[in-house]
S.K.: 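Sending over a structure as structure tokens; questions will come in a sec.
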Amino acid sequence: MQRIILHIDMDYFFAQIEERENPQFKGKPIVVGADPKEGKGRGVVSTASYLARKYGIHSALPISKAYQLCPTAIFLPVNMALYQKISEEIMAIVKKYSPTFEQVSLDEAFLDLSYTELPQEAKVKKRMKFSSPIFYGREKCTIGKPWEKAKGIAEKLKKEIYEKEKLTSTIGIGPNKLIAKMTSKKAKPNGLLVIKPDQVKKFLEPLDIDDLPGIGPKTAEKLREIGINKIKELKNLSKTKLKDIFGVVGETFYEKIRGIDEEPVSNEEIIKSIGKEHTFEKDTRDPEIIFENFEQMIKQVHQELLENNFSFKTMTVICRYQGFETHTKSKTLKTPTNDLKILKSEAKKLLLKFLIENPKLIRLIGVRVKIC
DNA sequence: AAGTTCTTATTAC
DNA sequence: CTAACGGTAATAAGAACTT
């Protein structure tokens, strides 16, 4: 079945919101993230505006490094409550454009436009009563050029978001989620790019291997070691060869670099684990600090369990020592529970083992439970 | 031998 | 002097263990 998938990604989301809220920052590089503390900060950059990116600052960069690169940038803390609220407003707009909608993160979403026509609002309401579930709110495109139509929808969507929120976005359209996502990445910022099925091969082949979702720094490095830098070159590896080197994910590379991806657009989010972790201001061994924080995290995790009516059987405690060496210890109970006392006592036992077996200063601790 | 648990590695936003 | 590196979650793989 031929599909038309749209991927929308807000441009430098957190930083663009701050720019909108603080017009006096216009024209200056903005970095949203941890407090740089004159270069001593321990956190990372969440989002850098495009002006900040000119200095080499980007998401996930240690904030200390960002401060080095551009100490005069505007450094702002993460105002998650604000971004959350604006995200909700934006997603409310996006989902009007197709009943098949999937939110990926605060600033990213997919729409399946295969059967969707403009305009929508009236139709969706009218059809709810009558149409069968399969075509609920949709109308099959039998006439016209569906790809042109999809582009028109995208233009309208971008415009509506800009007019209502004064924020720019980038949209990619392709025959599946993979191509739509890679397309929006290429088109940003404030872009719109459509890759039709007959253009997919030409689009993919010249891209770098790490442009492929699923190929991160480690996999890219392994590939470079065997002389593979471009997606086109990756096509020389057989499916079995890819499986041998990279396992199951390697097999998916084989399909992906040929533009194949059957993942449906669907918003069935199933939470499988809940956790909290915390990095200390300074590496420490002070039991007061460690256990105080640990109890807080356990309480929060427990709170979320109750809110969602979840139980767990397995808990994992994470400990990162000075020097970034990270270990985990886990324990699986005989029967599922949501009891705070059990979680607390068992998690503490695991944490205690870390303290006993390793005398190093501790940088981070965390706890996570697997829902069952 | 098969199933479960534990630990680490990798990726993504 | 070099490294620097948050929080949350999913998934895979292999080792270690129970049954």
Side-chain angles (χ1 to χ4, degrees), chain A residues 7 9-10 12-14 31-37 39-48 56-69 77-78 80 83-84 87 103-110 177-178 181-182 184-185 209-223 243-253 256 269-281 283 293 297 300-301 304 312-334 350 353-354 357 363-372:
Chain A
H7 180 255
D9 197 335
M10 298 303 297
Y12 63 110
F13 190 48
F14 296 177
V31 179
V32 177
D35 187 344
K37 295 181 178 165
K40 306 270 179 222
R42 300 258 244 165
V44 298
V45 173
S46 283
T47 316
I57 300 172
H58 55 83
S59 296
L61 186 76
I63 201 76
S64 54
K65 182 68 183 173
Y67 189 80
Q68 263 181 39
L69 291 169
V78 177
M80 199 53 90
Y83 314 149
Q84 189 104 43
S87 168
Q103 186 173 346
V104 179
S105 65
L106 278 190
D107 79 320
E108 260 182 68
F110 289 103
K177 291 210 290 190
L178 173 77
K181 185 165 172 64
M182 294 180 77
S184 69
K185 190 171 167 191
I209 43 176
D210 49 9
D211 284 325
L212 196 78
I215 298 189
K218 301 288 181 181
T219 308
E221 186 48 41
K222 276 190 207 165
L223 284 167
K243 161 107 187 172
D244 285 350
I245 309 175
F246 302 111
V248 174
V249 287
E251 283 184 297
T252 72
F253 296 162
K256 284 178 170 179
E269 54 156 323
I270 306 142
I271 300 173
K272 292 174 179 162
S273 69
I274 296 175
K276 289 271 170 268
E277 52 191 64
H278 177 75
T279 299
F280 300 116
E281 299 264 325
D283 301 341
N293 271 279
M297 291 190 284
Q300 288 170 41
V301 167
E304 280 189 53
F312 71 95
K313 222 158 69 108
T314 302
M315 77 196 77
T316 303
V317 171
I318 308 135
C319 181
R320 174 171 295 152
Y321 297 102
Q322 185 166 55
F324 227 67
E325 180 191 341
T326 308
H327 295 277
T328 65
K329 288 189 191 295
S330 68
K331 158 115 190 171
T332 301
L333 305 170
K334 294 266 173 0
L350 294 174
K353 281 198 206 171
F354 279 122
E357 77 187 21
R363 180 187 182 94
L364 164 150
I365 54 170
V367 61
R368 176 163 295 277
V369 293
K370 187 177 288 181
I371 309 306
C372 58

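Because the structure is predicted, anything quoted here is derived from the model rather than measured. In what follows, every chain begins at residue 1, and chains take the letters A, B, ... in the order their sequences are listed. We use all heavy atoms of the structure for the numbers below, so side chains are in, but hydrogens, waters and symmetry mates are not.
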S.K.: Look at the side chain of A:Ser64 and the backbone N and O of A:Gly39, then say whether any donor-acceptor pair between them is shorter than 3.5 Å.
M.R.: no
S.K.: Report which part of the nucleic acid A:Leu350 touches: base, sugar-phosphate, or nothing (heavy-atom distance under 4.0 Å, all strands).
M.R.: nothing
S.K.: Is the phosphate of C:dG7 approached by A:His278 (side-chain N or O, under 4.0 Å from OP1 or OP2)?
M.R.: yes
S.K.: Check the phosphate of C:dG7 against A:Arg368, side-chain N and O only, distance under 4.0 Å to OP1 or OP2. Yes or no?
M.R.: no
S.K.: At under 4.0 Å between heavy atoms, what does A:Gly41 touch on the DNA or RNA strands: base, sugar-phosphate, or nothing?
M.R.: sugar-phosphate
S.K.: Would you say a side-chain N or O of A:Arg320 is under 4.0 Å from OP1 or OP2 of C:dG6?
M.R.: yes
S.K.: Checking contacts here: which listed nucleotide (C:dC5, C:dA9, C:dA3) is nearest the side-chain heavy atoms of A:Ser273?
M.R.: C:dA9
S.K.: Rounded to whole angstrom units, what separation is found between the CD atom of A:Glu281 and the P atom of C:dC5?
M.R.: 13 Å
S.K.: On a heavy-atom basis, which atom in A:Arg42 and which in A:Arg363 lie closest, and how many Å separate them?
M.R.: NH1-NH1, 2.6 Å
S.K.: Nearest-nucleotide wise, let me know which of A:Lys276 and A:Val248 is further upstream toward the 5' end of DNA chain C.
M.R.: A:Lys276
S.K.: Can A:Glu277 and A:Arg320 be counted as an ion pair, charged N to O under 4.0 angstrom?
M.R.: no
S.K.: What integer distance in Å separates A:Lys334:NZ from C:dC17:C1'?
M.R.: 13 Å
S.K.: Of A:Glu108, A:Lys177, A:Met182, A:Lys185, which is the lone residue that meets side chain to side chain contact (heavy atoms under 4.5 Å, CB included) with A:His7?
M.R.: A:Glu108
S.K.: Check the distance between C:dA3's C1' and A:Lys65's NZ and give it to me in whole angstrom.
M.R.: 9 Å
S.K.: Spell out protein contact along nucleotides 2-13 of chain B as letters: B when the base is contacted, S when just the sugar-phosphate is, - when no protein heavy atom is under 4.0 Å; keep the 5' to 3' order.
M.R.: ---SSSB-SSSS
S.K.: For the pair made of CG in A:Asn293 and C1' in C:dG6, what is the distance, rounded to whole Å?
M.R.: 14 Å
S.K.: Can you measure A:Phe324 atom CZ to C:dA4 atom P for me and round it to whole angstrom units?
M.R.: 8 Å
S.K.: For the side chain of A:Pro62, counting heavy atoms from C-beta on, which of C:dT11, C:dT8, C:dC5 is nearest?
M.R.: C:dC5
S.K.: Over 60° means perpendicular and under 30° means parallel, so classify the ring planes of A:Tyr83 and A:Phe14, tilted if in between.
M.R.: parallel
S.K.: Please give, in whole Å, the distance from C:dA10 C1' to A:Ile271 CD1?
M.R.: 13 Å
S.K.: Here's a test of your reading of the structure: between A:Lys243 and A:Val44, which maps to the more 5' nucleotide of DNA chain C?
M.R.: A:Val44
S.K.: Okay, side chain of A:Lys256, backbone of A:Leu178: is any donor-acceptor separation there less than 3.5 Å?
M.R.: no
S.K.: Using atom NZ of A:Lys40 as one end and atom P of C:dT2 as the other, report the distance to the nearest whole Å.
M.R.: 16 Å
S.K.: Quick one: label A:Ile63 by what it contacts on the DNA or RNA (base, sugar-phosphate, nothing), any heavy atom closer than 4.0 Å.
M.R.: nothing
S.K.: Are A:Ile63 and A:Val45 side-chain neighbours, meaning at least one heavy-atom pair lies under 4.5 Å?
M.R.: yes
S.K.: Between B:dA12 and C:dC5, how far is it from one C1' atom to the other, in whole Å?
M.R.: 16 Å
S.K.: By the 4.0 Å heavy-atom rule, please label A:Lys272 as base, sugar-phosphate, or nothing.
M.R.: sugar-phosphate
S.K.: Take atom CG of A:Asp283 and atom P of C:dA4, then tell me their distance rounded to the nearest Å.
M.R.: 11 Å
S.K.: Looking only at non-hydrogen atoms, find the nearest pair between A:Phe280 and A:Asn293 and report the distance.
M.R.: CE2-ND2, 3.6 Å
